[in-house]
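Taking it in order: structure first as structure tokens, then the write-up.
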Amino acid sequence: MITSYTVAPDIDILTSNFPIPGYGLVPINAFVFKGSEPILVETGAAIESAEFMEALRTVIDPADLRWIWLSHTDFDHIGSVHQLLRENPRLRVITTFLGMGIMGLTAPLPIDRVYFVNPGETLTLGNRKLTAIKPPTFDNPCTTAFYDHTSGTLFSADSFGALLQSVPQSAADLSEKDLRDGQVLWTTIDSPWIHKVDANTFAGELASLRKLAPSLVLSNHLPPAPGRLLDRFLATLTAAPGAHPFVGPNQTAFEQMLKQMTASPA
Ligand SMILES: [Fe+2]
Ligand SMILES: [Fe+2]
């Protein structure tokens, strides 16, 4: 089920939870940044595109959108991109050369409907000024996050996501332990290369994010978080290279799980 609520003046979230059996729930978020040129950040999961469009219509008329910020081309974010392009001829997709290339392998984006941005570049979209950034962790090489100077919001793409047992409307309502453990687990799943990085170099990269001092942090896979939580997120990620690497169930464990799931109640 996709629900929506307002997270800041002029910013709404569309969110659903995807269960990973045995591990918890992963939130899948998209955001509407309202303003003189409204931006939809991500377009929902492919499997729930129809429901996403329905939920989106309760937040904004898709005909009023001007931009889609597609952080990367994974199936949890590209769900309604083509539907939206069909419905709204002036809508353009902010992506990268690589993002467009990857989309070309499954559902090509029309070349006159894309707008390329690279990390470090700043775009003025109506009354908003966004600077593209490379987030500290990612599962897809085209991933591009951003900092919105207008609202002081850091959109971190898949970074800072968490696997959770229940999903509140604000990350501030999670216990410190649930948040930390959930973020470490997510990070080791989503960015398994984290165990290969030089911890000092990585810590330096995280420190550069701290300087942004955002008032709000929006992740694709975490409830919205007040900016004061960023320090905690960065501390969690600093420790992630040394965390236990994620190993999924093998066939024997999987069959065990299936047996439990299909066992008839006594
Ligand atoms: Fe991803
Ligand atoms: Fe994702």
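All values below come from the heavy atoms of this structure, side chains included, with hydrogens, waters and symmetry mates left out. Numbering of ligands and ligand atoms starts at 1, following listing order. Just so it is clear, the structure is predicted and the values come from calculations on it, not from any experiment.
- Within 6.0 Å of CD on Gln251 lie more than 12 heavy atoms contributed by other residues, nucleotides or ligands.
- Legend: ring-ring contact (aromatic ring centres under 6.0 Å, His included) pairs involving residues 2-48, not counting sequence neighbours, sorted by first then second residue: Tyr23-Phe246, Phe33-Phe146.
- If you run side chain to side chain donor-acceptor pair (under 3.5 Å) between His221 and each of Asn29, Asp190, Thr15, Asp76, only Asp76 comes through.
- Comment: Arg90 does not engage Glu37 in a salt bridge, judged by the lack of any side-chain N to carboxylate O separation of less than 4.0 angstrom.
- Expressed to the nearest 0.5 Å, how far CD1 of Ile28 lies from CG of Asp74 amounts to 10.5 Å.
- Listed by chain and number, the protein atoms of type N/O/S under 2.8 Å from the Fe ion (ligand 1) are His72 NE2, Asp74 OD2, Asp139 OD1, Asp139 OD2, Asp158 OD2; waters are omitted.
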| query | Yes or no on side chain to side chain donor-acceptor pair (under 3.5 Å) for Asp12 and Thr6, after CA distance, side-chain angles and deciding distance? | reply | CA-CA 4 Å; Asp12 284 25; Thr6 297; 3.2 Å; yes
